[in-house]
Protein chains: 2
Amino acid sequence: MPDAGPDGARDNNLDYGPLGQSLGFLLRLAQLRSFATFYKDMGALDIRPGEMTLLMVLAENPGVRQGILAKALRIKRAHMTKMVHGMEADGLIARTVPEGDKRSVELWLTEAGRARIDAVRPDFGRHEAKATGPLTQAEAAELRRLLRRYVGFDVPADAGCDGGGMR
Amino acid sequence: MPDAGPDGARDNNLDYGPLGQSLGFLLRLAQLRSFATFYKDMGALDIRPGEMTLLMVLAENPGVRQGILAKALRIKRAHMTKMVHGMEADGLIARTVPEGDKRSVELWLTEAGRARIDAVRPDFGRHEAKATGPLTQAEAAELRRLLRRYVGFDVPADAGCDGGGMR
DNA sequence: CGGATATTGTTTACGTGTGAACAATATCGA
DNA sequence: TCGATATTGTTCACACGTAAACAATATCCG
């Protein structure tokens, strides 16, 4: 077995084969590149993508319930608990228990949280503007449109959480 | 129905704000959906995306060096070590140290590994064919094309690891 | 040659995210 | 009303992936 047979692929160029057309594989690579770009552009501000997301969505939805937020961001409630506690410890967000339902928790930006997002927003804007890599602006716009459709943002009817339609 | 009132986004519909146009955020959601579909379609075969990827790429590149593989799949060598040792323990792949460079390791599919990939390939093909969610086939093809460009597969010249061009 | 430097895979410590079990609270139905 | 059931957030154990330090080997250059 150790013999290369049809001569092993010892060169530096690897053949992806059918994987190179796999949507899942391409999405994984794309996300890795996207995150790397984020850290390169925002690294100096010491902010993680998850924190950025939470701040932005809380700025738009003050008082949103923790579970709703987790569902919208597609992360599990267990993990949301950790993030929220961490950011509360950092003084960025506040948690309140509403009168109507003592199980739940509502989330709000603190003054420091609002200051934080105001501080990072410009850099995030610049990052987003140039985060299209080798794509033209038109291609980036089309990519965003297709991704929105793929994740179910712009699908016409219900399709709920798991449309799964294969058309 | 507590009625959200003027403040407090207590309803179940959350406003994503500018995040809804963020390429990074959309890519994250898309990858989550893609992986979920993978597990739904392939779950019965008890195979993870990483294992699938390794088997497929080793089928195309017998004898590839471990580090080359890690670089191509954009995972760190440390993690590659773990995966490879695990799959070797499962009898799916074999590791050989070449004469020319005793530091490196070459990877090969075992007979069991080839059997394994032959067993899962049909399901993977079916999965890929229908994994386009609400997208039409034409849209899915365009999405793949744009992702390939974004991750640098089809870029003409160098652009290396970090083209960063903003065009 | 032979010492400085680089590369390769491994180990260890750690961060991020999930699944399952759980306690507290809310809601539904006889 | 009150017992059964569902929901909400939390905790714990664990998978996945990374960063940094490391040992072994290879390469470069005086």
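Quick note: numbers below take in every heavy atom, side chains included, and nothing from hydrogens, waters or symmetry partners. Below, read A as the first sequence line, B as the second, and so on, with proteins coming before strands; counting in each chain starts at 1. Predicted model only: the values in this text are computed from it and were never measured.
Distance A/Lys76 NZ to D/dT8 P: 15 Å, rounded to the nearest Å. The distance from atom CE of B/Met87 to atom P of D/dC16 is 12 Å, rounded to the nearest whole Å. Taking atom CZ of residue A/Arg48 and atom C1' of nucleotide C/dC14, one finds them 14 Å apart after rounding to whole Å. The nearest whole Å value for the distance from the CZ atom in B/Phe38 to the C1' atom in C/dT18 is 17 Å. As rounded to whole Å, 15 Å separates atom C1' of C/dG17 from atom CG of B/Leu29. Atom pair A/Leu73:CG and C/dT16:P shows a separation of 16 Å (rounding to whole Å applied). Remark: C1' of D/dC16 and CD of B/Glu51 are 14 Å apart, rounded to the nearest angstrom. When rounded to the nearest whole Å, the span between CD1 of A/Ile75 and C1' of D/dT10 equals 15 Å.
With respect to A/Asp41 and A/Lys130, a salt bridge is recorded, a charged nitrogen being found less than 4.0 Å from a carboxylate O.
Considering every non-hydrogen atom in both B/Val57 and A/Asp15, the closest pair reads CG2-O, 4.0 Å.
Between the side chain of A/Arg95 and the backbone N or O of A/Glu88 there is no donor-acceptor pair closer than 3.5 Å. A donor-acceptor pair is defined here as one N or O able to donate and one able to accept, closer than 3.5 Å; such a pair exists between the side chain of A/Arg74 and the backbone of A/Ala72. Between the side chain of B/Thr132 and the main chain of B/Gln137, no donor-acceptor pair closer than 3.5 Å is present.
Nearer the 5' end of DNA chain C, as judged by each residue's closest nucleotide, is the contact made by A/Phe35, out of A/Asp101 and A/Phe35. Two residues, B/Tyr39 and B/Gly100, neighbour DNA chain D, and the one matched to the more 5' nucleotide by heavy-atom proximity is B/Tyr39.
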What nitrogen or oxygen pairs link the protein and nucleotides 9-11 of chain C at under 3.5 Å?
from, atom 1, to, atom 2, distance (Å)
C/dG9, OP1, B/Gln66, N, 3.4
C/dG9, OP1, B/Val105, N, 3.2
C/dG9, OP2, B/Gly67, N, 2.8
C/dG9, N7, B/Arg77, NH1, 2.7
C/dT10, OP1, B/His85, NE2, 2.8
C/dT10, OP1, B/Arg95, NH1, 2.7
C/dT10, OP1, B/Arg95, NH2, 3.4
C/dT10, OP2, B/Gln66, NE2, 2.7
C/dT10, OP2, B/Thr81, OG1, 2.8

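Screening residues 16-31 of chain B for side-chain hydrogen bond (donor to acceptor under 3.5 Å, both in side chains), with sequence neighbours left out, gives A/Glu128-B/Ser22.
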